[in-house]
Visitor: 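Questions regarding the structure given below will be posed in turn.
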Amino acid sequence: MKKNVLITWWLGYIGSHAVVEFEKNWYKTVIVDNLSNSSIEALIWIEKILGYKPDFFEVDIRDKNKLEEIFKKYNFDWVIHFAWLKAVWESCLKPLDYHDNNILWSIRLFELMDKYNVKNIIFSSSATVYKEKFVDKNFNWYTENDLTWDCTNPYWTTKFILEQILRDLSIHLKFRVMNLRYFNPIWAHTSWYIWEDPNWIPNNLLPYIMKVAIWELPYLNIFWNDYSTIDWTWVRDYIDVNDLIEWHIKAFQYIEKNNIDLWFFNIYNLWTWKWVSVLEILKTTEKVIWKEIPYKFVWRRDWDLAEVYCNREKAYKELWFKTKISLEESLRNSWKFYNNNK
Ligand code: NAD
Ligand code: UFG
């Protein structure tokens, strides 16, 4: 007997992993996606892993009537909100699309949640909300309490605004919000059936590197090398998606166990606490897969942050957050996956 009914946006990269793992942990999921950045094929793979197909609706979050029919049909306990436009550079070209898709229509979703008394939500926020600052790395990492206004790109602004809206809802409408700020998720599901599968040429670093490694793309474009970092290329904290999802479930169970009735708005950074430059990722991949990966230094990608990493105390102390999978292992597994499926 399944424990809960969750509604989620899943055919994308992180959502598809979440559905599989929540279902395996005995939570029922209902999936809604407009397939704008995902493929129906993922449903077949999910069925292969689980042995059955979770309920799926091809619906745009902007279609409030259709969404309401789904809310009427199920007695939801939770929403896991993954539906988002997420490319930083694209958000600078199309800021109105990003505000429209990510904010306005999330509000329509929250209206339905309020109307049908579904007040629990896990929200996928992002490390992008942290303002860039060059700090003494021993002491001054970002904490969840650091102010994140002064956004430099619309993607960031949409995450920032949504966090503020959810905070208001937690105070005034008694929503319980688990606001998870991911660092950079990489790799695929341990079953190797689901993976990061954007509909176009990948924006994100790891799938791009792998497509170069299997000769689908000629070389990696590295977005310039004049940043004040260890080797002048961008620095990030890359977290394996399997670790990331395990912590969604732990965070989720933490809220359920504590059964907090009063307002609740909790932010956690989810990271590995290892920061790695683009060149380091490239070199580590080459070492792990025994293959050279051609690259070129090209134009700067506008509005990106040079370094993104954070303080680890809160998730560690409250949720006992720890990651298990090393970067090398993630890259090795990623390679196995791409190499087998080319
Ligand atoms: P993704 O693009 O793979 O998945 C998002 C899904 O939302 C896609 O399947 C897309 O079709 C769907 N979608 C978008 N707009 C929709 C709409 N109007 N109606 C219905 N469905 C819609 O992205 P992802 O990497 O899985 O990211 C999931 C969440 O995690 C996003 O909120 C993203 O901002 C956040 N996040 C991602 C990363 C990362 O590096 N991947 C890092 C931090 C935070
Ligand atoms: N990069 C390249 N070449 C590429 C792709 C990326 O050099 O072809 C570099 C980028 O400049 C950046 C790093 O690799 O320094 C990582 O880039 P990604 O595009 O993979 O990731 P971002 O850090 O820019 O953004 C990602 C997601 C956001 C999320 C953020 C959290 O796209 O949605 O991580 O840190 F919010």
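Both counts, for ligands and for their atoms, begin at 1 and track the order of listing.
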Visitor: Check if R181 has a non-hydrogen atom at a distance under 4.0 Å from any atom of ligand 1.
Guide: no

Visitor: Is it the case that ligand 2 has an N or O less than 3.5 angstrom from some N or O of S126?
Guide: no

Visitor: Taking N or O atoms only and a 3.5 Å limit, does Y208 qualify as a polar contact for ligand 2?
Guide: no

Visitor: Is ligand 1 less than 4.0 angstrom away from at least one heavy atom of S16?
Guide: no

Visitor: Does N184 come within less than 4.0 Å of ligand 1, judged by its heavy atoms?
Guide: no

Visitor: Determine, considering heavy atoms only, which of L162, N204, D33 sits nearest to atom 11 (O) of ligand 1.
Guide: D33

Visitor: Within ligand 2, which atoms have a heavy atom of N203 less than 4.0 Å away?
Guide: 5 (C), 19 (O)

Visitor: Among F82, F123, F57, which one has a heavy atom closest to atom 29 (C) of ligand 1?
Guide: F82

Visitor: Name the option, out of A83, S125, S36, A18, that contains the heavy atom nearest to atom 7 (O) of ligand 1.
Guide: A83

Visitor: Is it the side chain (CB and beyond), the backbone, both or neither of W105 that lies under 4.0 Å from ligand 1, heavy atoms counted?
Guide: neither

Visitor: Atom 21 (O) of ligand 2: which protein heavy atom is closest, and how many Å away?
Guide: N184 ND2, 3.1 Å

Visitor: Taking only heavy atoms of S126 into account, list the atoms of ligand 1 that are under 4.0 Å away from them.
Guide: 43 (C), 44 (C)

Visitor: For V59, state whether at least one heavy atom is located under 4.0 Å from any atom of ligand 1.
Guide: yes

Visitor: Is there at least one pair of N or O atoms, one from Y182 and one from ligand 2, spaced under 3.5 Å apart?
Guide: no

Visitor: Transitively linked via ILVMFWY side-chain contacts under 4.5 Å: I61 with Y116?
Guide: yes

Visitor: Check the pair Y182, H248 against ring-ring contact (aromatic ring centres under 6.0 Å, His included), reporting the backbone distance first and the verdict last.
Guide: CA-CA 11 Å; Y182 313 153; H248 277 67; 5.2 Å; yes

Visitor: Report yes if some N/O of F223 lies less than 3.5 Å from some N/O of ligand 2; otherwise report no.
Guide: yes

